[in-house]
Amino acid sequence: MRIVSFEEYSEFLKRHEHVIIGDKRIALAGKKTVTQYRPVDDSVLQRTTVWSFPERGNWATHRGDYPGNWSPYIPRNLLLKYTEVCDIVLDPMMGSGTSIVESRLLCRNAIGMDINYNAVMVAFDRLNFHYDGCKIPIEIRLYHGDARDLNLISSNSIDFILTHPPYGKIISYSKKGEVTGDLSTLPYRDYIEAMGKVAEEFFRVLKPGKYCALLIGDTRKNKHYVPIAYDILQVFLESGFILKENIIKIQWNTTKTSKVWSKLENDFYLIAHENLFVFRKPVSESEYRKYKFSAGRRYGKI
Ligand SMILES: C[S@@+](CC[C@H](N)C(=O)[O-])C[C@H]1O[C@@H](n2cnc3c(N)ncnc32)[C@H](O)[C@@H]1O
């Protein structure tokens with residue numbers, strides 16, 4: 001991983017008005033004036049294990065234009081539940097930086113990273129607005145790098161990880177051969193193995209007793225269900241995490257799915273949910289062992 005400075009982004013901005021992510025063109029707007037720093041209605045704070053945000057949320061610089069980006073209500077809910085002001089938050093697959101923008105608005109220190117340099121530029125662009133709502137100064141650091149190797153982050157140093165990885169190859173975040181290490185270009189087995197390495201790194205950098213949230217969805221192949229989320233759940237449990245929550249997130253924007261598959265609609269249900277797993281790093285081997293046996297499951301590690 002390599003730190004990228006705001007100056008580097010400023011230089012990039014002089015030469016680029018937009019970037020391409022996969023097959024999508026994303027405008028770089030430079031410094032922006034923000035008038036709304038939070039959602040109008042805080043009743044969007046969730047209380048159950050089913051989350052639904054029909055309005056995706058467009059306060060601050062949030063836009064729905066980055067491929068597969070998550071609604072800002074998701075990181076907002078997670079940050080308010082699992083972190084305190086000045087905690088250190090990590091999103092190592094940040095895309096357009098939705099979680100990092102929310103971390104800044106909620107006065108958390110944040111580290112963001114993406115394997116795609118263009119995504120890092122988009123994230124800087126989304127952070128390019130004036131904000132003085134924090135009483136204590138906070139630090140935001142953005143990196144270009146691979147979530148499987150967080151070599152510049154010390155073990156047991158992060159208070160909260162929240163991330164939204166590619167769902168296998170469902171959406172491509174780069175063209176073939178363009179970005180080495182982009183997990184959205186890997187065959188399924190390699191992808192799951194790579195997510196195992198991601199899980200190990202997350203486990204290493206997270207402080208014991210702290211949480212890691214991950215949004216992931218499923219797909220279909222040959223009209224049958226491919227439970228990506230449950231394969232990912234398995235690799236995270238095998239890395240030593242224990243499961244705190246399994247939240248069902250209703251999907252509202254299934255346009256691509258329904259367009260492609262509308263003719264087949266009678267054959268199967270359109271997938272309209274994702275899983276938001278919240279894992280906890282146990283404080284000790286004995287806590288892990290206790291969970292493993294109380295959950296009645298045989299997890300790989302012990
Ligand atoms: C679903 S998108 C994240 C969207 C983000 N939550 C947002 O709101 O914009 C997944 C991101 O993972 C990144 N990615 C893919 N492989 C990666 C890797 N090995 N390390 C870090 N990032 C990776 C992609 O470039 C893409 O930006």
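Start at 1 and go down the list; that is how both ligands and their atoms are numbered. From a predicted model like this one, the values you see are computed outputs, not experimental measurements.
With sequence neighbours excluded, the residues that form a side chain to side chain contact (heavy atoms under 4.5 Å, CB included) with R63 are D65, R126.
Shown here is K81, whose NZ atom has no more than 12 heavy atoms of other residues, nucleotides or ligands within 6.0 Å. The local environment of CD in E17 is sparse, with at most 12 non-hydrogen atoms from other residues, nucleotides or ligands closer than 6.0 Å.
Between F236 and F277, the gap from one ring centroid to the other reaches at least 6.0 Å.
Among all heavy-atom pairs drawn from Y173 and G68, the shortest one is OH-CA, 3.9 Å.
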Could you give the N/O to N/O pairs under 3.5 Å linking ligand 1 and the protein, each with its distance?
| residue | atom | partner | partner atom | Å |
| --- | --- | --- | --- | --- |
| ligand 1 | 6 (N) | W70 | NE1 | 3.4 |
| ligand 1 | 6 (N) | H164 | ND1 | 3.4 |
| ligand 1 | 8 (O) | W70 | N | 3.2 |
| ligand 1 | 8 (O) | T98 | OG1 | 2.6 |
| ligand 1 | 9 (O) | S96 | N | 2.9 |
| ligand 1 | 9 (O) | S96 | OG | 2.6 |
| ligand 1 | 16 (N) | L183 | N | 3.0 |
| ligand 1 | 19 (N) | D146 | OD1 | 3.0 |
| ligand 1 | 19 (N) | G181 | O | 3.0 |
| ligand 1 | 20 (N) | A147 | N | 2.9 |
| ligand 1 | 22 (N) | I115 | N | 3.3 |
| ligand 1 | 25 (O) | D114 | OD1 | 2.6 |
| ligand 1 | 27 (O) | Y66 | OH | 2.6 |
| ligand 1 | 27 (O) | D114 | OD2 | 2.8 |

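Both tests do not hold together for K24 against Y66: distance to the six-membered ring centre under 6.0 Å, angle to the ring axis within 45°.
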